[in-house]
Amino acid sequence: CSTRPSEARTEGHRRSCYPPTATEPCPRPPRAPPLTTSLPPDFPTQASAVASGYASALVEACSDKKALESVHGDMETIAAYMAANPSVGTFLSNPTMDEKAKKDVLSKLGKEADFHPFTSNFLNLLVDKKRIGNVSSIIEEFENLYCESTDTQIATVTSAVKLENEQQFMIAKKIQEMTGAKNIKLKPEVDPALIGGFVVTYGKDGSGYIDMSVAGQVANLKNQVAVV
């Protein structure tokens, strides 16, 4: 291993090998650390704060202009549309996509669903502020605030088969009697694993629970047998 004259500036300066000998191998440069992309630890908190701020502003604006019910219906339409068309959410969340194209998609949806002007203006604002990617979490937070302001209790009813409207009405009436809420909003779901009957969860964080399913009754009998 030899040193070029032009590089022999000080002892210990970098040397070039021509070629490395068995007793003194040429040193390899250190490997660069792998590139990693990580979100800040408080990212969920930041996203929640953004959703809460925009949702609160929308609820207040709608309440002042008596437009809360109309906008709430629009929010439900948007949520259902995005659930049925996941590619729309991906498109809106893509920061490389043109903002005008995003507004065109939202405008077309608004015309087809006859959105309230508040809803259309709000969606355009989200695009301008580059927050349209948070629209799902904003709608979720809007739903929570809407239920608080209208004294609406949300209950999820999971049944083995789809319930008839009359059955849903009776369940809603029973929950209303139990909770004293002014309004009840049912979210029906189907789970064949219940075999028959239904399960209802309601209250904050699903703290209320009613199990009228066949699977639940079977599990209860198994527990009683095990205790005996």
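- By the criterion of side-chain heavy atoms lying less than 4.5 angstrom apart, applied directly or through intervening Ile, Leu, Val, Met, Phe, Trp or Tyr residues, V200 is not grouped with M170; the two fall into different hydrophobic clusters.
- No side-chain heavy atom of I154 sits less than 4.5 Å from a side-chain heavy atom of L186.
- Here the side chains of P188 and L163 are not in contact, with every heavy-atom distance at 4.5 Å or above.
- Using a 30° and 60° split on the angle between ring planes, F122 and Y54 fall in the perpendicular class, above 60°.
- Remark: T77 OG1 to M82 CE distance equals 13.0 Å, nearest 0.5 Å.
- Without hydrogens or angle criteria, S56 side chain to S52 main chain gives a donor-acceptor distance under 3.5 Å.
- Not a single donor-acceptor pair under 3.5 Å links the side chain of K103 to the backbone N or O of L123.
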_L194 and V214: CA distance, side-chain angles, deciding distance, side-chain contact (heavy atoms from CB on, under 4.5 Å) verdict_ = CA-CA 6 Å; L194 296 179; V214 173; over 6 Å; no
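- Residues D74 and D114 come closest through the heavy atom pair OD1-O, 4.4 Å.
- Judged purely by atom type and a 3.5 angstrom limit, S70 has no side-chain atom pairing as donor or acceptor with the backbone of A67.
- Side-chain atoms of N94 never come within 3.5 Å of backbone atoms of T90 as a donor-acceptor pair (strictly under, hydrogens ignored).
- Here CD1 of I78 is found 5.0 Å from CD1 of I139. Values are rounded to the nearest 0.5 Å.
- At least one donor-acceptor pair closer than 3.5 Å links the side chain of D98 to the backbone N or O of A101.
- Summarising the geometry of S93 relative to G133, their closest heavy-atom pair is OG-CA, 3.6 Å, with the distance given to 0.1 Å.
- Ring pair F142/Y146 is parallel by interplanar angle, where below 30° counts as parallel and above 60° as perpendicular.
- Going from atom CG of L58 over to atom CE of M75 covers 5.0 Å, rounded to the nearest 0.5 Å.
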*Let me see the working for S63 and V59 under side-chain contact (heavy atoms from CB on, under 4.5 Å), right down to the final yes or no.*
CA-CA 6 Å; S63 299; V59 169; 4.0 Å; yes
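- With Q176 contributing its side chain and K182 its backbone, the two residues share a donor-acceptor pair below 3.5 Å.
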*Apply side-chain contact (heavy atoms from CB on, under 4.5 Å) to the pair C147 and Q153, showing each step before the final yes or no.*
CA-CA 7 Å; C147 290; Q153 182 74 248; over 6 Å; no
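- Using a 4.5 Å cut-off on side-chain heavy atoms (C-beta onward), E189 and V157 make no contact.
- Heavy atoms only, all atoms of each residue included: A215 and A193 are closest at CB-O, 3.7 Å.
- Here CD of E99 is found 10.5 Å from CG of N124. Values are rounded to the nearest 0.5 Å.
- Q167 places a side-chain N or O within 3.5 Å of a backbone atom of E164 that can act as its donor or acceptor partner.
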*I would like to know whether I184 and T152 meet side-chain contact (heavy atoms from CB on, under 4.5 Å); could you show each step before the answer?*
CA-CA 5 Å; I184 300 295; T152 299; over 6 Å; no
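- When all heavy atoms of S213 and D211 are compared, the closest pair comes out as OG-OD1, 2.6 Å.
- Inspection of the S87 and N85 side chains reveals no N or O donor paired with an N or O acceptor under 3.5 Å.
- V127 approaches L106 most closely through the heavy-atom pair CG2-CD1, 3.8 Å.
- We find the CD1-CD distance between I171 and E166 to be 11.0 Å, quoted to the nearest 0.5 Å.
- We find that E76 and K185 are joined by a salt bridge, their nearest charged nitrogen and carboxylate oxygen being less than 4.0 Å apart.
- Within the 4.5 Å cutoff, the side chain of V199 has no heavy atoms near those of the I210 side chain.
- To the nearest 0.5 Å, atoms CG (N144) and CD (E140) are separated by 6.0 Å.
- A distance-only check finds a donor-acceptor pair linking the side chain of N183 to the backbone of T150 [under 3.5 Å].
- Dense packing is recorded around CZ of F91, with more than 12 heavy atoms of other residues, nucleotides or ligands lying under 6.0 Å away.
- Counting only heavy atoms from C-beta outward, the side chains of T158 and F198 never approach each other to under 4.5 Å.
- Between A155 and I175, the shortest heavy-atom contact is CB-CD1, 3.6 Å.
- Here K108 does not pair with D104 in a salt bridge; the nearest charged N to carboxylate O distance is not below 4.0 Å.
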